[in-house]
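Here's the structure we're looking at; comments come further down.
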Amino acid sequence: MEEVRTRFAPSPTGYLHIGGLRTALYAYLFAKKQGGKFVLRIEDTDRERYVDGAVEIIYKTLREAGLYYDEGPDVGGPYGPYIQSERKNTYLEYAKQLVANGGAYYCFCSKERLEKLHESGATKYDKHCLSLSKEEVEARIAAGEPYVIRQNIPEEGSTTYTDMVFGDITVENKDLEDGILIKSDGMPTYNFANVVDDHLMHINYVIRGVEYLSSTPKYNLMYDGLGWERPHYIHLQPIMRDATHKLSKRHGDASYEDFIAKGYLKEAIINYIALLGWSPKDNTEKFTLAEMEQMFGLEGISKSASIFDEAKMRWLNSQYIHELSDEEFYEKAKPFYAKYQYLNDFDCKFLSGLLKGRAETLDDVGRLTEFLTLFDNFDLTLFRNAKWKTDEELAVKILPDLIGICKDKFDNLSDSLNEYALNSGLKKGQVLWIFRIAITGAQNTPGGASEMAELLGKDRVLSRLETVLKRLQ
RNA sequence: GGCUCCAUGGUCAAGAGGUUAAGACAUCGCCCUUUCACGGCGGUAACUCGGGUUCGAAUCCCGAUGGAGUCACCA
């Protein structure tokens with residue numbers, strides 16, 4: 001059986017957006033599942049949209065996400081170069097071949113004529129230059145007149161192909177335009193470069209966005225004209241921000257690196273986007289890349305667009321975070337601990353054990369510890385708790401005892417506090433509530449009374465208890 | 001507007017003629033609990049509409065509606 005070869009062919013226009021990453025992921029998974037090859041090709045035929053550094057971002061993101069490509073610009077391969085601008089000469093050669101057999105023709109129409117044509121109500125090019133004689137064409141080229149090469153699409157008939165997720169797609173040839181294959185600057189358009197490269201790189205499964213679903217017949221006509229075997233097609237519906245808008249960085253939607261910066265784990269991001277538009281047979285929702293490589297299949301691909309739901313990704317992220325060891329959490333959260341300066345005064349390793357089970361994102365180390373900065377002048381009514389029947393009055397009463405316990409038995413605080421409750425006829429919860437409020441000044445904390453005491457340390461605990469007692473008096 | 005595609009709860013998404021129409025997130029409630037969270041249990045909530053076909057349609061057909069894509073010397 002023929003080896004499966006898929007590719008991811010992004011344009012270096014800045015960043016790798018979530019939709020692009022998912023396309024890459026599916027292409028990668030499909031190839032891996034089949035034991036095939038996944039190749040990366042950079043489509044930079046549009047010099048105007050080129051952004052410096054964008055290529056590096058693509059390499060970096062793909063690698064970081066674990067989507068290793070078998071062939072690509074920076075890893076090489078048998079069908080290079082893998083950057084279209086470095087293949088410029090190849091395209092013209094094939095365009096000429098197409099011209100020779102009638103599948104394409106030279107066109108000298110000026111922008112002005114094209115505009116006029118459009119204004120006159122024409123919906124597509126009128127094949128004006130198709131009638132030029134070979135001699136005239138040669139003469140005008142020799143005279144240095146600028147030209148483009150257009151595809152010659154039959155005016156009759158229709159073209160059909162089978163998309164592996166959408167089924168048969170048929171388009172009337174008369175609805176297709178004689179698109180430009182080679183631009184006047186000598187560069188191929190996407191339409192042409194794509195076909196030539198996919199063929200030359202032996203790509204037999206083309207996985208890309210649905211925006212190409214209805215123009216694929218044009219590409220097939222090129223394959224036919226060049227005598228090449230058509231590849232299989234798999235088109236993917238987009239990931240949406242809401243029901244009517246695609247997810248896009250331009251509109252402020254987060255990209256892969258934004259989510260990393262927000263404290264998402266790459267495993268969670270990959271896992272989540274895999275689920276947007278695909279679901280495994282058994283409906284599992286949490287799996288590693290390696291597992292996906294085994295489970296992936298075209299049957300699970302959805303025919304409709306899906307809306308990105310950060311809440312669900314957060315949940316998935318929290319699942320991955322909870323699984324981390326304290327040590328791993330600490331290592332991964334380091335950049336975030338650094339982000340919140342007040343945490344410098346605390347033992348972040350100890351904190352990791354407390355935060356790991358509560359954080360949904362790595363950045364939550366800030367949100368969950370914010371109370372540490374708010375202790376001064378906290379609201380004393382926090383001592384009131386309906387369930388435990390506590391209030392400021394009770395707090396004033398027992399705080400001196402609690403201070404004493406901390407002075408003498410700080411190392412064995414939990415037991416000592418329990419013992420105190422027992423002896424004083426109070427409920428455990430009453431003592432602990434008052435104690436925890438008194439040392440943290442927060443209703444919600446990432447740990448219980450004794451854990452918070454350990455985090456703060458004896459000195460801080462004592463000084464806080466005394467401060468609070470004074471305020472209450 | 002022409003052409004192509006799509007349509008199950010708020011979201012993702014099973015389902016491929018006969019189901020009490022799964023599951024997950026979110027939401028609500030209860031339990032657990034020294035707060036919060038985690039975890040456990042339970043609730044609310046869906047087949048866009050209208051015609052067919054059929055003994056029987058979320059599933060098949062047609063139409064309408066809604067949405068997306070595409071009609072560039074952008075990819």
Under 3.5 Å side-chain donor-acceptor pair for T162(A) and D168(A): yes
In whole angstrom, give the distance that lies between atom CG of L276(A) and atom C1' of C25(B). 12 Å
C73(B), C6(B), C12(B): which one has an atom nearest the side-chain heavy atoms of V148(A)? C73(B)
In whole angstroms, the gap separating P of G9(B) from CG of D309(A) amounts to 15 Å
Which whole number of Å gives the distance between the C1' atom of C55(B) and that of G23(B)? 32 Å
Pairwise side chain to side chain donor-acceptor pair (under 3.5 Å) hits with a residue in residues 385-394 of chain A, at least two apart: R384(A)-E392(A)
Rounding to an integer number of Å, can you tell me how far K218(A) NZ sits from C3(B) P? 17 Å
Among residues at least two apart in sequence or on other chains, which ones pass ring pair (Phe, Tyr, Trp, His ring centres under 6.0 Å) with F287(A)? W278(A)
Hey, is the main chain of T13(A) close enough, under 3.5 Å, to the side chain of S11(A) for a donor-acceptor pair? no
Look at the side-chain N and O atoms of K303(A) and state whether any lies under 4.0 Å from the OP1 or OP2 oxygen of U8(B). no
Heavy-atom side-chain contact between Y212(A) and Y233(A) under 4.5 Å: no
Does I307(A) reach a base, just sugar-phosphate, or nothing at all? Heavy atoms under 4.0 Å. sugar-phosphate
Please identify each residue that fulfils salt bridge (Lys or Arg N to Asp or Glu O under 4.0 Å) with E360(A), with sequence neighbours left out. R314(A)
How many whole angstroms separate atom CH2 of W278(A) from atom P of A14(B)? 11 Å
Identify the nucleotide, in any strand shown, that forms a Watson-Crick or G-U wobble pair with A16(B), with both distances under 3.5 Å; if there is none, say none. none
Can you figure out which of C73(B), A75(B), C71(B) approaches the side chain of E177(A) most closely? C71(B)
Give me the distance, rounded to whole Å, that separates C5(B) from C61(B) when you measure between the P atoms they each carry. 13 Å
P atom, U33(B) versus C25(B): distance in rounded Å? 24 Å
Any S302(A) side-chain nitrogen or oxygen under 4.0 Å from OP1 or OP2 of C6(B): no
If you measure from the C1' atom in C28(B) to the same atom in U34(B), how many Å do you get, rounded? 26 Å
Just to be sure I understand the rule, does S318(A) reach a base, reach only the sugar-phosphate, or reach nothing, if contact means heavy atoms closer than 4.0 Å? nothing
In Watson-Crick or G-U wobble terms, both distances under 3.5 Å, what is the partner of U4(B)? A68(B)
Between R150(A) (side chain) and C107(A) (backbone), is there a donor-acceptor pair under 3.5 Å? no
Hey, does the side chain of T361(A) reach the backbone of G263(A) with a donor-acceptor pair shorter than 3.5 angstrom? no
Closest listed nucleotide, where the reference is the side chain of D175(A) and the choices are C3(B), C73(B), G23(B): C3(B)
P spacing across the pair G9(B) / G2(B), given as an integer number of angstrom: 28 Å
At under 4.0 Å between heavy atoms, which parts of nucleotides 28-41 of chain B does protein reach? Answer with one letter per nucleotide, 5' to 3': B base, S sugar-phosphate only, - none. ------BBBSSS--
Should the ring pair Y106(A) and F108(A) be called parallel, tilted or perpendicular, given that the plane angle runs from 0 to 90° and is split at 30 and 60? parallel
Sticking with atom C1', work out how far G10(B) lies from U19(B), rounded to a whole angstrom. 25 Å
Using only atom types and a distance under 3.5 Å, with no angle test, would you say the side chain of R49(A) pairs donor to acceptor with the backbone of D44(A)? no
Is there a Watson-Crick or G-U wobble partner for G10(B) with both distances under 3.5 Å, and which nucleotide is it? C25(B)
Sorted by position of nearest nucleotide on RNA chain B, 5' first, the leading residue of C109(A) and K312(A) is K312(A)
Rounding to an integer number of angstrom, what distance separates C36(B) and C30(B) when you compare their P atoms? 12 Å
Complement of C32(B), any strand, by Watson-Crick or G-U distances under 3.5 angstrom: none
Would you kindly give the CG-to-P distance between N283(A) and U8(B), to the nearest whole Å? 16 Å
Look at the side chain of S184(A) against the base of C73(B) and say whether a donor-acceptor pair falls under 3.5 Å; ignore hydrogens and angles. yes
The Watson-Crick or G-U wobble partner of C49(B), with both key distances under 3.5 Å, is G63(B)
Both distances under 3.5 Å, Watson-Crick or G-U wobble: report the partner of A37(B), or none. none
Of the nucleotides C73(B), C25(B), C6(B), which one has an atom closest to the side chain of A311(A)? C25(B)
When you check every protein heavy atom under 4.0 Å of nucleotides 61-70 of chain B, what one-letter string (B, S, -) results, 5' to 3'? ------SSBS
Please enumerate all residues that pass salt bridge (Lys or Arg N to Asp or Glu O under 4.0 Å) together with K218(A), with sequence neighbours excluded. none
Quick one: I149(A) CD1 to C73(B) P, roughly how many Å, whole number? 15 Å
Rounded to whole Å, the CG-P distance (D197(A) to A75(B)) equals 13 Å
Distance, rounded to the nearest Å, where L181(A) contributes CG and C74(B) contributes C1': 15 Å
Checking base pairs now: Watson-Crick or wobble, both atom distances under 3.5 Å. What partners A58(B)? none
Gap in Å between the two P atoms, one belonging to U11(B) and one to A26(B), rounded: 16 Å
Tell me if a side-chain donor or acceptor on H199(A) pairs with a main-chain N or O of V195(A) at a distance below 3.5 Å. no
So which nucleotide from A75(B), A22(B), C12(B) ends up closest to the side chain of S306(A)? C12(B)
